[in-house]
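Below is one structure, written out as structure tokens, with a few remarks after it.
One is the number of the first residue; the rest follow in order along the sequence. Counting starts at 1 for both ligands and their atoms, in listed order. On a predicted model such as this, the values are computed, not experimentally measured, just so you know.
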Amino acid sequence: MGSGSSRHPDREDGQLYVSLKMENYTKLKGELIPHVYGSVPLIGSWDSSKALPMERESTSMWELSFVVPPNHETLYFKFLLKPKYNHEPCIVEEGPNRLLIAGTLQGDGRSASFKLDNEDIIEYRVFVKADRVSPFDLAASWRAFQENRRHSSVRDVPDVSINSSLMAGAEHGSSASLELDLEHYVVPAPTTSAVYAANLTETPRSLKRTGVFSGTDGTIIPRPSSKDGHTSNDRSATTKQMEVIVPDPTRVPSGSGMVDSKSMGTFPSLQKQDSYRGLLVDRGVGSPRLVKSPSITNFTLDLKPDSDAKNMMPAAAGAVAAGAVADQMLGPKEDRHLAIVLVGLPVRGKTFTAAKLTRYLRWLGHDTKHFNVGKYRRLKHGSNQTADFFRADNPEGLEARNEVAALAMEDMIAWMQEGGQVGIFDATNSSSRRRNMLMKMAEGNCKIIFLETICNDPKLIERNIRLKVQQSPDYAEEPDFEAGYRDFKNRLDNYEKVYEPVEEGSYIKMIDMVSGHGGQIQVNNISGYLPGRIVFFLVNTHLTPRPIFLTRHGESLYNVRGRIGGDTAISETGELYAKKLANFVEKRLKNEKAASIWTSTLQRTILTANPIAGFPKIQWRALDEINSGVCDGMTYEEIKKNMPEEYESRKKDKLRYRYPRGESYLDVIQRLEPVIIELERQRAPVVVVSHQAVLRALYAYFADRPLNEIPHIEMPLHTIIEIQMGVTGVQEKRYKLM
Ligand SMILES: Nc1ncnc2c1ncn2[C@@H]1O[C@H](COP(=O)(O)OP(=O)(O)O)[C@@H](O)[C@H]1O
Ligand SMILES: O=P(O)(O)OC[C@H]1O[C@@](CO)(OP(=O)(O)O)[C@@H](O)[C@@H]1O
């Protein structure tokens with residue numbers, strides 16, 4: 001997992017809504033109803049008995065509209081006529097299948113001709129119209145339908161609440177118990193398995209700028225050297241020759257928002273370029289781009305466009321924003337940028353911790369980037385250096401390693417000067433000489449806090465070494481695991497010989513924190529809001545594998561009526577889900593004595609958790625649904641009609657929009673921070689039964705999705721998201737119970 005979908009309903013990639021029409025003025029004897037059938041399940045998978053009937057729009061016009069599932073945007077179809085009462089025999093239109101690609105009908109717009117029994121030909125003119133519609137509008141259209149109690153022209157909208165009546169019909173006959181094999185209920189998750197954390201880090205821009213690359217075949221393409229050997233001064237001169245890594249839109253993995261690199265052949269194909277993701281993160285509440293509306297935000301700063309502080313405000317609300325403002329007003333200028341510099345021997349969890357901290361800080365709204373020196377080294381010197389390269393008495397190796405560290409630090413400082421807030425500098429940095437070099441580079445630019453990870457558990461170190469040899473790109477081309485293992489042990493010895501624990505500056509030392517016994521955190525010279533939060537976060541993290549289950553409540557009476565907020569009970573369908581959920585929890589957690597069930601304080605989650613037996617249930621106010629203030633109890637249609645400005649403001653910036661007398665998504669994220677810390681701290685499984693907006697925010701933390709995407713994350717009813725917290729990171733699995 002670790003990455004998120006870049007799909008955004010308000011952009012060009014909403015859902016494809018297709019309207020097919022057929023027109024004919026002849027009066028037919030005995031009524032024949034036009035139908036559509038075709039290659040995808042939605043229109044019957046070429047089974048004429050499952051063809052969708054068109055509806056009569058006027059005496060001469062028939063119409064069918066439907067939402068095309070995203071994975072079926074290429075579909076073949078045909079029109080057919082079926083007798084009104086006995087659906088057989090049906091008459092299929094003449095000619096080849098029609099092909100619709102992304103809403104565009106291919107070939108000529110021929111009319112549909114049908115050969116009747118008496119050999120007469122009947123012709124219909126055909127019209128096809130396609131639109132991209134955001135799920136928001138689809139939901140509003142559904143709600144309008146619910147309000148007006150008439151048949152919707154939108155069919156097969158992939159939102160469970162929309163099909164509630166159908167589902168209730170289908171499910172009520174069956175028992176609420178689940179099959180023993182829970183795998184039966186697994187549905188694809190939008191994100192896939194974990195990727196080696198270092199690959200997700202910042203793409204080295206200094207190396208790009210100066211043209212140093214590993215070729216696609218793994219060979220090194222040297223950087224053109226300048227006479228004085230300086231790298232920073234010759235940037236402008238070499239800018240034109242640089243090879244820029246351009247995100248290739250054709251390779252965007254579905255729903256991930258990340259791209260593979262075209263030009264870095266030494267990386268596994270799953271490698272993701274974080275720079276692309278960086279573009280998605282909006283930097284600030286104080287952003288001049290922010291349109292001020294009475295309800296959109298209550299945070300204003302008089303920031304001039306060129307002010308140094310303009311990008312320093314986190315895209316956050318509440319405590320995070322207050323803390324950032326106070327720190328900036330009180331502290332010196334360089335303290336506005338924070339560098340967390342990792343320190344420690346190899347396989348002490350530095351990259352793991354750096355990645356986790358990056359995810360947490362980004363989720364809180366701080367513009368944060370993870371710079372991994374290993375990535376720079378592999379790009380500049382290739383990924384197959386032996387242990388000798390890491391010997392302290394190998395001057396070339398030492399110089400090469402210091403050079404890539406300096407390049408990464410330069411990049412990090414340059415990024416901070418452009419407005420970046422927290423840089424996480426991930427390398428061993430295990431000698432005081434190296435750390436001195438970094439401190440010198442940081443002077444006047446940023447504040448440094450060293451974060452040292454120490455582990456004295458030989459078993460854990462052994463496991464980590466084995467994981468590293470399996471996962472690290474350094475050994476990707478070493479077919480013999482044992483040879484890789486020996487080489488890595490030698491590398492480790494080389495580091496141990498010269499390792500000097502941190503005694504200087506501001507530091508946080510995590511000592512045996514993850515092994516589960518006797519760990520401690522030592523802190524020296526740490527102050528300020530953000531460093532304080534970082535320490536608190538680190539104190540609570542650990543490596544004990546356990547699952548976290550996220551689910552919305554069963555369908556509520558307000559869900560059925562398309563009304564937001566409120567505190568209604570659950571519908572019959574919701575009750576059925578509650579039973580199925582209880583059954584799931586009983587099966588999935590039968591050996592987990594310490595598991596717990598968390599709900600909000602609202603009826604619909606409490607009732608949903610009600611049938612679950614044998615585990616403590618905890619109600620959290622923080623898990624209550626987003627407070628929709630004066631809009632509570634309204635339908636989206638009613639808001640649009642009665643408060644059009646509010647409706648538009650929310651549509652424009654759903655993340656920051658605050659309902660009058662209610663909350664914004666940023667507010668929700670703020671109040672969920674203690675929930676995240678507690679979920680990190682727990683060592684036993686937790687089932688969280690909550691609400692759409694809240695679960696979007698929680699899920700985004702685990703899936704590392706950018707803030708701006710949070711309000712648009714799909715969070716279907718009657719589906720369980722299992723987040724597996726493990727030694728290699730976070731993984732996701734989904735079960736659709738109904
Ligand atoms: N604080 C820690 N102490 C020991 N091991 C850890 C710690 N945090 C994470 N790990 C484990 O160490 C493994 C290797 O960590 P990694 O971050 O690649 O090490 P490093 O960057 O120090 O070489 C991770 O997969 C994780 O299971
Ligand atoms: O932010 P949006 O997309 O409006 O989603 C949040 C809304 O989801 C709803 C359902 O529409 O949550 P819930 O799951 O608690 O029923 C509303 O109560 C809530 O206002």
Point to revise | Within-shell test, His712 vs ligand 2, heavy atom, strictly < 4.0 Å | key: no
Exercise for review: Would you please determine whether Arg463 falls within less than 4.0 Å of ligand 1 on a heavy-atom basis?
Suggested key: yes
**Study point:** Atom indices of ligand 2, in the order listed, that fall short of 4.0 Å to a heavy atom of Ile564
**Key:** 17 (C), 18 (O), 20 (O)
Check your understanding: Would Ser432 and Glu500 count as having a side-chain donor-acceptor pair, cut-off 3.5 Å?
Key -> yes
Review point. Looking at Asn559, which atoms of ligand 2 are within less than 4.0 Å of one of its heavy atoms?
Key: 10 (C), 16 (O)
**Study point:** Ion pair check, Arg491 and Asp474, cut-off under 4.0 Å
**Key:** yes
Study note, to complete from the structure: So the atoms of ligand 2 within less than 4.0 Å of a heavy atom of Tyr665 turn out to be 1 (O), 2 (P), 3 (O), 5 (O)
Study note, to complete from the structure: With heavy atoms and a 4.0 Å threshold, my read on which part of Glu555 contacts ligand 2 is neither
Check your understanding: Can a donor-acceptor pair be found between the side chains of Thr386 and Asp487 at a distance below 3.5 Å?
Key -> no
Review point. Between Pro711 and ligand 2, is there a nitrogen or oxygen pair with a distance under 3.5 Å?
Key: no
Review point. Should Gly344 be listed as contacting ligand 1, given a heavy-atom distance under 4.0 Å as the test?
Key: no
Check your understanding: Can Lys356 and Glu680 be counted as an ion pair, charged N to O under 4.0 angstrom?
Key -> yes
Exercise for review: Within a distance under 4.0 Å of any heavy atom of Arg650, pick out the atoms of ligand 2 and give their elements.
Suggested key: 1 (O), 2 (P), 4 (O)
Exercise for review: Can you sort out which atoms of ligand 1 are near Val347, meaning under 4.0 Å from one of its heavy atoms?
Suggested key: 19 (O), 20 (P), 22 (O), 23 (O)
Review point. Which of the atoms of ligand 2 are close to Arg696, meaning less than 4.0 Å from one of its heavy atoms?
Key: 1 (O), 2 (P), 3 (O), 5 (O)
Review point. Can an N or O of Asp426 be found at a distance shorter than 3.5 Å from an N or O of ligand 1?
Key: no
Review point. So is there a nitrogen or oxygen of Arg563 less than 3.5 Å from a nitrogen or oxygen in ligand 2?
Key: no
Practice item. Output the list of atoms in ligand 1 that are nearer than 4.0 Å to some heavy atom of Val727, sorted by atom number. Key: 24 (C), 25 (O), 26 (C), 27 (O)
Practice item. Output yes when the distance from some N or O of ligand 1 to some N or O of Phe352 is under 3.5 Å, and no in every other case. Key: yes
Practice item. Kindly say whether the aromatic ring centers of Phe371 and Phe425 come within a distance under 6.0 Å. Key: no
Practice item. Select one of side chain, backbone, both or neither to describe which atoms of Ile461 lie under 4.0 Å from any atom of ligand 1, heavy atoms only. Key: neither
Practice item. Would you kindly specify which portion of Val514 sits under 4.0 Å from ligand 1, judged on non-hydrogen atoms: side chain, backbone, both or neither? Key: side chain
Practice item. Measure from NZ or CZ of Lys497 to the centre of the six-membered ring of Tyr495, then state whether that distance is under 6.0 Å and the direction lies within 45° of the axis. Key: no
Revision key, fill the gap. The atoms of ligand 2 lying under 4.0 Å from a heavy atom of Arg604, numbered in the order shown, are 13 (P), 15 (O), 16 (O), 18 (O)
Exercise for review: List every atom of ligand 2 that sits less than 4.0 Å from any heavy atom of His553, numbering the atoms from 1 in the order shown and giving each element.
Suggested key: 13 (P), 14 (O), 15 (O), 16 (O)
Point to revise | Carboxylate-amine/guanidinium proximity below 4.0 Å for Glu732 and Arg734 | key: yes
Exercise for review: Heavy-atom distances under 4.0 Å are what count here, so tell me which part of Asn464 touches ligand 1: side chain, backbone, both or neither.
Suggested key: side chain
Review point. Is any N or O atom of Ser556, backbone or side chain, closer than 3.5 Å to an N or O atom of ligand 2?
Key: no
Review point. Can you list the atoms of ligand 2 that are under 4.0 Å from a heavy atom of Lys654?
Key: 1 (O), 2 (P), 3 (O)
Practice item. Would you indicate which of Pro545, Gly349, Ala427, Gly726 comes nearest to atom 15 (O) of ligand 1 when only heavy atoms are counted? Key: Gly349
Review point. Closer than 4.0 angstrom: is that true for some heavy atom of Met513 and an atom of ligand 1?
Key: no
Point to revise | Within reach of ligand 2, part of Glu625 (heavy-atom separation under 4.0 Å) | key: side chain
Review point. Would Tyr699 and Tyr701 satisfy ring-ring contact (aromatic ring centres under 6.0 Å, His included), going step by step from the backbone distance to the final call?
Key: CA-CA 5 Å; Tyr699 174 79; Tyr701 167 76; over 10 Å; no
Practice item. Examine the side chains of Arg434 and Asn429 and answer whether a donor and an acceptor come within less than 3.5 Å of each other. Key: yes
Check your understanding: Backbone N or O of Glu663 within a donor-acceptor pair of the Asn627 side chain at under 3.5 Å?
Key -> no
Practice item. Quick one: look at Tyr636 and ligand 2, take heavy-atom pairs under 4.0 Å, and tell me if it's side chain, backbone, both or neither. Key: side chain
Practice item. Assess the side chains of Tyr475 and Gln470: does a donor N or O sit below 3.5 Å from an acceptor N or O? Key: no
Practice item. Can you sort out which atoms of ligand 1 are near Leu543, meaning under 4.0 Å from one of its heavy atoms? Key: 6 (C), 9 (C), 10 (N), 11 (C), 26 (C), 27 (O)
Check your understanding: Are a donor atom and an acceptor atom from the side chains of Thr599 and Gln619 found within less than 3.5 Å of each other?
Key -> no
Revision key, fill the gap. A student checking ligand 1 against Pro346 at a 4.0 Å heavy-atom cut-off should list atoms 23 (O)
Point to revise | Distance-only side-chain donor-acceptor flag, Arg650 / Tyr659, under 3.5 Å | key: yes
Point to revise | Atom indices of ligand 1, in the order listed, that fall short of 4.0 Å to a heavy atom of Lys468 | key: 16 (P), 18 (O), 19 (O), 20 (P), 21 (O), 23 (O)
Practice item. Using distance alone, with no hydrogens and no angle criterion, decide if Tyr665 and Arg656 have a side-chain donor and acceptor under 3.5 Å apart. Key: no
Exercise for review: To the nearest 0.5 angstrom, please state how far the OG1 atom of Thr551 sits from the NE2 atom of His691.
Suggested key: 11.0 Å
Check your understanding: Strictly by modelled atom types, are Ser690 and Ser600 linked by a side-chain donor-acceptor pair under 3.5 Å?
Key -> no
Point to revise | Heavy-atom donor-acceptor pair, Arg377 side chain to Val404 backbone, under 3.5 Å | key: no
**Study point:** Short N or O distance, Ser628 and ligand 2, threshold 3.5 Å exclusive
**Key:** no
